[in-house]
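Every value quoted in this text rests on a predicted model; they were computed, and no experiment measured them.
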Amino acid sequence: MRSLLFVPGDSPKKLEKALISGADALIIDLEDSVALSAKEEARRVTAAFVREHRVKSDRPRLYVRVNGLTTGLVDDDLDGVMASAPEGIVLPKTVGGVDVSHLGAKLAVREAEFGLDDGGTRILAIATENALGVFALGTFAGASHRLMGITWGGEDLSADIGAETNRDDTGAYTEPYRLARSLTLLGAAAASVDAIDSVYTNFRDMEGLEAECRAARRDGFVAKMAIHPAQVPVINAAFTPSPEAIERARAVIAAFEANPGAGVVGVEGEMLDRPHLLRAERLLKRA
């Protein structure tokens, strides 16, 4: 996946529009974009939408963002949508591997109850929306086989720590959020799951979005979340490996295959070792 587009779960019109956005995945939201009074209707709309489109082959992956584990709403969310078999659940306000394990147990119960494949529902953790979550980023390894990725968010975190803003006058993240971003990347690597970059909230600034995508890809993120359909093409372009990069990766892999006992190989005049092989394999997997 390259792009994951948030869509309010209580808006059939926006859900239908999101289907043709080109996003690799939709994150159908039952949390922040849905008022408390509309939660039940959002569950009904979301379940009907997932059920209708889950059987189609030409569609984005369908994930649902539930409310956090401490809200008292998550069980109703899961009861409302799991029978429709979404491919994944996005967990906000995640505080480390313990929360992922907790959600995994809840999913296992619903999979059994609704006759779904055991372990088939994946988990994407939003892991920096509070200070506790930032300190727990090193605890995801081994938490659950369902965990497919870790992402981060700077909006809720800024509220939690009482910041006036999370970006400086140039539009760049200030230090606390750069730290959270970096730790998310390292936490995902330690857990052997995908690192997914946060949203870019200025949906009219495509130049800024493109620059942030390039920086995220450079540093090791493999995808980015979006808040508006117009952002999807920019994100997809940024996270799609170029033909030149694919050709280079294949050359690196071929060199190691031709020299199975070698720790170092030469490719186009450059000496490469095992980390370069791993990087090439990951790039081809994304491609």
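- Side chains of L73 and L36 form a contact here, defined as non-hydrogen atoms less than 4.5 Å apart.
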Could you walk me through whether T46 and E41 pass side chain to side chain contact (heavy atoms under 4.5 Å, CB included), step by step?
-> CA-CA 8 Å; T46 296; E41 175 66 6; over 6 Å; no
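- Using a 4.0 Å cut-off between a side-chain N of Lys or Arg and a carboxylate O of Asp or Glu, R59 and E87 qualify as a salt bridge.
- F140 and V95 are not part of a single hydrophobic cluster, where members link through side-chain heavy atoms under 4.5 Å apart.
- Atom CD1 in I253 sits 4.0 Å away from atom CG in L284 (nearest 0.5 Å).
- Between K93 and D99 there is no salt bridge, since no side-chain N of the basic residue sits under 4.0 Å from a carboxylate O of the acidic one.
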For L137 and T128, run side chain to side chain contact (heavy atoms under 4.5 Å, CB included): C-alpha distance rounded to whole Å, both residues' side-chain angles, the deciding distance at 0.1 Å, then the answer.
-> CA-CA 8 Å; L137 278 164; T128 69; 3.9 Å; yes
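- No more than 12 heavy atoms of other residues, nucleotides or ligands lie within 6.0 Å of CG in D117, so this atom counts as exposed by the packing criterion.
- Taking OG1 of T70 as the start and CG of N130 as the end, the distance is 8.5 Å to the nearest 0.5 Å.
- A heavy-atom distance below 4.5 Å is found between the side chains of R43 and K39.
- The closest donor-acceptor contact from the side chain of T139 to the backbone of G97 lies under 3.5 Å.
- Under a 3.5 Å cut-off, the side chain of D273 and the backbone N or O of V264 do not form any donor-acceptor pair.
- Heavy atoms only, all atoms of each residue included: G68 and P92 are closest at N-CG, 3.7 Å.
- V193 is not listed as a side-chain neighbour of L124, based on a closest heavy-atom distance of 4.5 Å or more.
- We find the CD-CG distance between E52 and L19 to be 8.5 Å, quoted to the nearest 0.5 Å.
- Both F114 and I123 are assigned to one and the same hydrophobic cluster, defined by single-linkage of ILVMFWY side chains at heavy-atom distances under 4.5 Å.
- The environment of CZ in F135 is sparse: at most 12 heavy-atom neighbours from other residues, nucleotides or ligands sit within 6.0 Å.
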With salt bridge (charged side-chain N to carboxylate O under 4.0 Å, His left out) as the test, would you mind laying out the steps for E210 and R214 before giving the verdict?
-> CA-CA 6 Å; E210 185 177 8; R214 287 197 306 268; 3.8 Å; yes
Side chain to side chain contact (heavy atoms under 4.5 Å, CB included) between L5 and I27, intermediate numbers included = CA-CA 6 Å; L5 175 62; I27 301 177; over 6 Å; no
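- Under a 3.5 Å cut-off, the side chain of D205 and the backbone N or O of G208 do form a donor-acceptor pair.
- Nearest approach of V34 to A42, heavy atoms of both residues: CG1-CB, 3.8 Å.
- Smallest separation of non-hydrogen atoms from S21 and A18: OG-O, 2.7 Å.
- Taking hydrophobic clusters as Ile, Leu, Val, Met, Phe, Trp and Tyr residues chained together by side-chain heavy-atom distances below 4.5 Å, V234 shares a cluster with F239.
- In this structure the side chain of F49 reaches within 4.5 angstrom of the side chain of L26, judged on heavy atoms.
- Checking side-chain atoms of D194 against main-chain N and O of I150 turns up no donor-acceptor pair under 3.5 Å.
- Cluster annotation: L157 is not connected to I126 through the hydrophobic network of ILVMFWY side chains, with a link wherever side-chain heavy atoms come within less than 4.5 Å.
- E270 contributes no side-chain N or O that, together with a main-chain N or O of G266, makes up a donor-acceptor pair within less than 3.5 Å.
- More than 12 heavy atoms of other residues, nucleotides or ligands shown are found within 6.0 angstrom of CD on E113.
- With salt bridges taken as basic N to acidic carboxylate O contacts below 4.0 Å, none links R61 and D24.
- The structure places CE of M225 at 9.0 Å from CH2 of W152, a figure rounded to the nearest 0.5 Å.
- Ion pairing between R250 and E281 fails under the 4.0 Å rule for side-chain N and carboxylate O.
- L107 and V100 fall within the same hydrophobic cluster, defined by Ile, Leu, Val, Met, Phe, Trp and Tyr side-chain heavy atoms under 4.5 Å apart, directly or through other members.
- Cation-pi check for R167 over Y173 is met; the charged atom lies under 6.0 angstrom from the ring centroid and within 45 degrees of its normal.
- Under the 4.5 Å side-chain criterion, counting only non-hydrogen atoms from C-beta, D79 is in contact with R110.
- Every residue was checked against the side chain to side chain donor-acceptor pair (under 3.5 Å) condition with D32, not counting sequence neighbours, and none meets it.
- Counting heavy atoms from C-beta on, the side chains of P8 and D29 never come closer than 4.5 Å.
- Scanning both residues, L78 and K106, for their nearest heavy atoms gives CD1-CB, 3.8 Å.
- Between the S101 side chain and the A143 main chain, a donor and an acceptor come within less than 3.5 Å of each other.
- Shown are V74, V90, D75; of these, the side-chain contact (heavy atoms from CB on, under 4.5 Å) with V66 is made only by V74.
- Closest approach of A38 and D10 over heavy atoms only: CB-OD2, 4.0 Å.
- Distance check, rounded to the nearest 0.5 Å: CZ of R217 to CG of L283 gives 9.5 Å.
- At a threshold of 4.0 Å, the pair E244-R248 does not count as salt-bridged, since none of the basic side-chain nitrogens sits closer than that to a carboxylate oxygen.
- Side-chain contact between I89 and T121 is present, with heavy atoms from C-beta onward closer than 4.5 Å.
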Could you go step by step and tell me if D197 and T151 meet the side chain to side chain contact (heavy atoms under 4.5 Å, CB included) rule?
-> CA-CA 6 Å; D197 199 24; T151 186; 5.9 Å; no
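- The environment of E207 atom CD is sparse: at most 12 non-hydrogen atoms of other residues, nucleotides or ligands sit within 6.0 angstrom.
- Proximity of R65 to D77: side-chain heavy atoms (C-beta onward) are nowhere separated by under 4.5 Å.
- Checked by atom type, the side-chain pair R54/S84 shows no donor-acceptor distance below 3.5 Å.
- No more than 12 heavy atoms of other residues, nucleotides or ligands lie within 6.0 Å of NZ in K13, so this atom counts as exposed by the packing criterion.
- A pairwise comparison of heavy atoms in A23 and S3 identifies CA-OG, 3.3 Å as the closest pair.
- In this structure, CG in D156 is found 11.5 Å from CD1 in I161, a value given to the nearest 0.5 Å.
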